[in-house]
**Student:** 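Starting off with a structure, shown below.
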There are 2 protein chains.
Amino acid sequence: MAVTISDVARVAGVSKGAVSYALNGQPGVSEGTRDRILKVAKELGWKPNLRAKGLSSAKAFAVGLVVARDPRLLGTDPFFPAFIAGIETTLVEHEYALVLTVAASADAEELGYRKLAADGRVDGVILTDMRVEDSRIALLESLKIPAVTLNRPETSSPFPAVCMDDTEGIAAAVEHLVSLGHTKIGHVGGPQSYIHGRSRRLAWQNAMSKAGLEAGSFIEADFTAAGGLAATAELLRSAQRPTAIIYANDLMATAGQSYAQSLGLSVPDDLSITGYDDTELATYLNPPLTTVPADPLLWGRVAAQKLLSLLGGAPAEDVYLPSPKLVVRASTGPVPRTPKN
Amino acid sequence: MAVTISDVARVAGVSKGAVSYALNGQPGVSEGTRDRILKVAKELGWKPNLRAKGLSSAKAFAVGLVVARDPRLLGTDPFFPAFIAGIETTLVEHEYALVLTVAASADAEELGYRKLAADGRVDGVILTDMRVEDSRIALLESLKIPAVTLNRPETSSPFPAVCMDDTEGIAAAVEHLVSLGHTKIGHVGGPQSYIHGRSRRLAWQNAMSKAGLEAGSFIEADFTAAGGLAATAELLRSAQRPTAIIYANDLMATAGQSYAQSLGLSVPDDLSITGYDDTELATYLNPPLTTVPADPLLWGRVAAQKLLSLLGGAPAEDVYLPSPKLVVRASTGPVPRTPKN
DNA sequence: ATTAATGACTGAACCGGTTTAGCTTAGTCA
DNA sequence: TGACTAAGCTAAACCGGTTCAGTCATTAAT
């Protein structure tokens, strides 16, 4: 069996309580005794038992993340693994663990949070993929679980948000394309029920009108390759056929690019394309993709920091991360003189 | 405060012990009393407190996964998210949770396991990315943590392995290319320190000799897009330049394909390409990629099942999953008459 | 009829910590 | 000198379960 606090107490010749005080740096023991207890604890190789600690202090020393995605499509999104890695870099420093739940449906998602709460598995959670009407806010309030959200939801939320503005990058993409002579710039967006799907569309729209252009065609897709392909097909056969398309993520952009090429179009000679995320693959495509880095690693790290400080009693203030800058590669070029069919 | 077992005992007019027996379906209470206790528990809305349960039974009701990857590259591998989703589908049914740790280095990986063990965070772990000389086996034995491995490691292991044979798919890729007339078939493999990097290379090698061909050029890459590109470049400028390349994963294949195209080569007219994984994107590339599905979802589900049954005392027998079959798409075609430069 | 065995249940110990209440002892001040 | 205070520590309760040892009544065996 492992060394317990009682073993330390016995060897040091004091009571359990004194050991607890000493180990937690609390008053109630003299300097001399404290040092002696600490020394004995070290000699015996004492390690706190998390379960016992959790039972008496009603804490889990863990934070939760519920990922709501179709499991089959989860692998296609490069955001989560890197985001999780970012969370971890913070957690390891604080002896916290990450409990991950994957939910296939909205119901399963809610159930996921309820279970984490009911079982006391976590002390707080991180909310990703914020939705325009997000029922999770109220749910977590009722469950009394502290949370941190990625970007500020539109509904009022008592939880701190870790914000990374994506409108600047999209606006830069529009300006970049406009400077190349494009006037018909379409947008293949994510679901508008997500705030990042929405904000990217609005950013595109605003940047267009700022440039004195009509917003042009918008198609609501679903962040998947299949959705990106279908949306691209629709845009390319539309009357107002664009010469450039801004996609809300790299996956859709990649699928769109491949589809355009399969039609015999050249990217960027016949069609310019931009993505969002800057996945590793983006650099290695033919042509390499002009895109906006999302930096999920940083986002995860800061979100976890914010959550831990919130658990420590810090005030719930929002954090603003630097806006990612457009990375120009070869998938964007001058507007074609005579569009090809 | 939540309803405790003592509350149930008081209301039902019995002792705590009787309630515990009744709720766990253990002998020691009569049918009538048991029903009464169960009824009271339900009425009061009693839910077991995991922490308390864990403290007395010395269990965590969670399993662990330590992912050792460069966090920056983690997002590029579609395997993990889907694998994790598979694990979850099993765990939710058994009221278990998944504790995820991300490690950037080998040292951090070992520390990750040690911490999970020391803190009693998990009752067992799943080992992925098995290496030829895998020190984790001995480590987990010494930490006394039950484990399940993905495929059987070469070093002797007391842990059950959940095996999915990848040699059949690679062999099928070779046969497919041979039937198209290819004789010079290269291989861009993963690190040979990984058993799946090694087994795929051996499968390629064996299939080649079985077809009466020389094995041809092999390059050891690292499963990344950058590595795939570099390896492809090396193969294409070699004296024994292949007309077809079998990659150990889709990411390298995609990077290789894009690179070949950027040189002005046509895939598959000048160069045939196959991958491994069958990521969502594979279907949407231009041309769509001939590849072998890895089914990480199934693998995760079964691995978790095996681990839970192991924790339940079941014998440590290996499980064999069906070998995935080659999916032929448009990235493979007849051998070119006169190879282009 | 006596003893043994069984079933149903209780009380208390236990898991390994935290925390409260209380007890000594020494020091301060009037 | 006596009352009061504070520091330093102990004993015990507590968190919410599990489990062991023992009590008592009933039934079976001799």
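A, B, ... follow the sequence lines: proteins, then strands. Residue 1 opens every chain. Note that this is a predicted model, so its numbers are computed, not measured. FYI, side chains are in, hydrogens and waters are out, and symmetry mates aren't considered; it's all heavy atoms of this structure.
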**Student:** Rounded to the nearest Å, what distance is computed from the CZ atom of residue B:Phe61 to the P atom of nucleotide D:dG17?
**Tutor:** 12 Å
**Student:** In whole Å, I'd like the distance from the CZ atom of B:Arg10 to the C1' atom of C:dT10.
**Tutor:** 17 Å
**Student:** Checking all strands, does A:Thr4 fall into the base, sugar-phosphate, or nothing category for heavy-atom contacts under 4.0 angstrom?
**Tutor:** sugar-phosphate
**Student:** Output the rounded distance in Å from CG (B:Leu50) to P (D:dT18).
**Tutor:** 11 Å
**Student:** Which of these nucleotides, D:dT18, C:dA8, C:dG16, is closest to any side-chain atom of B:Thr33?
**Tutor:** C:dA8
**Student:** Contact class for B:Ser6 (heavy atom, under 4.0 Å): base, sugar-phosphate, or nothing?
**Tutor:** nothing
**Student:** Using atom CG of B:Leu23 as one end and atom P of D:dG17 as the other, report the distance to the nearest whole Å.
**Tutor:** 9 Å
**Student:** In terms of side-chain heavy atoms of B:Gln26, which of C:dG16, D:dT19, C:dT10 is nearest?
**Tutor:** D:dT19
**Student:** Under 4.0 angstrom, heavy atoms only, what part of the nucleic acid is B:Gly120 near: base, sugar-phosphate, or nothing?
**Tutor:** nothing
**Student:** Counting any heavy atom closer than 4.0 Å, what does A:Lys47 reach on the DNA or RNA strands: base, sugar-phosphate only, or nothing?
**Tutor:** sugar-phosphate
**Student:** Which nucleotide in the list C:dT19, D:dT10, D:dG16 gets nearest to the side chain of B:Asn49?
**Tutor:** D:dG16
**Student:** With sugar-phosphate meaning primed atoms plus P, OP1 and OP2, does A:Gly32 contact a base, only sugar-phosphate, or nothing at under 4.0 Å between heavy atoms?
**Tutor:** nothing
**Student:** My understanding is that only one of A:Val8, A:Val40, A:Ile37, A:Val29 makes a side chain to side chain contact (heavy atoms under 4.5 Å, CB included) with A:Val14; could you say which?
**Tutor:** A:Ile37
**Student:** Is any side-chain N of the basic residue among B:Glu154 and B:Arg131 closer than 4.0 Å to the acidic one's carboxylate O?
**Tutor:** no
**Student:** How many whole angstroms separate atom CZ of A:Arg51 from atom P of D:dG16?
**Tutor:** 17 Å
**Student:** Give me the atom names and distance for the closest heavy-atom approach of A:Trp46 to A:Ile5.
**Tutor:** NE1-N, 3.5 Å
**Student:** Specify the separation, in whole Å, of atom CG of B:Asn24 and atom P of D:dG16.
**Tutor:** 17 Å
**Student:** Can you check the A:Arg34 CZ to D:dA7 P distance for me, whole Å?
**Tutor:** 13 Å
**Student:** On a heavy-atom basis, which atom in A:Leu91 and which in A:Val63 lie closest, and how many Å separate them?
**Tutor:** CD1-CG2, 3.6 Å
**Student:** Could you please name the option among D:dG17, C:dT19, C:dG16 that lies closest to any side-chain atom of B:Leu55?
**Tutor:** C:dG16
**Student:** Among D:dT18, C:dT18, C:dG17, which nucleotide sits nearest the side chain of B:Ser20?
**Tutor:** D:dT18
**Student:** Quick check: does any side chain N or O of A:Ser157 sit under 3.5 Å from a backbone N or O of A:Pro153, one acting as donor and the other as acceptor?
**Tutor:** no
**Student:** Please give, in whole Å, the distance from C:dG17 P to A:Tyr21 OH?
**Tutor:** 16 Å
**Student:** Do the side chain of B:Lys16 and the base of D:dG17 come within less than 3.5 angstrom through a donor-acceptor pair of N or O atoms?
**Tutor:** yes
**Student:** Of all the choices, C:dT18, D:dG16, D:dC9, which nucleotide is nearest to the side chain of A:Ile5 once you look at every atom?
**Tutor:** C:dT18
**Student:** For a quick check of understanding: with a heavy-atom distance under 4.0 Å over all strands, which category does A:Ser30 fall into, base, sugar-phosphate or nothing?
**Tutor:** sugar-phosphate
**Student:** If the cut-off is 4.0 Å, is A:Trp46 near the phosphate of C:dG16, judged by side-chain N/O to OP1 or OP2?
**Tutor:** no
**Student:** Of the nucleotides C:dG11, D:dG17, D:dC15, which has the atom closest to the B:Ser56 side chain?
**Tutor:** D:dG17
**Student:** Looking across every strand, which nucleic acid part, if any, lies under 4.0 Å from A:Val19 by heavy atom: base, sugar-phosphate, or nothing?
**Tutor:** nothing
**Student:** Are B:Arg136 and B:Glu109 close enough for a salt bridge, meaning some N to O gap below 4.0 Å?
**Tutor:** yes
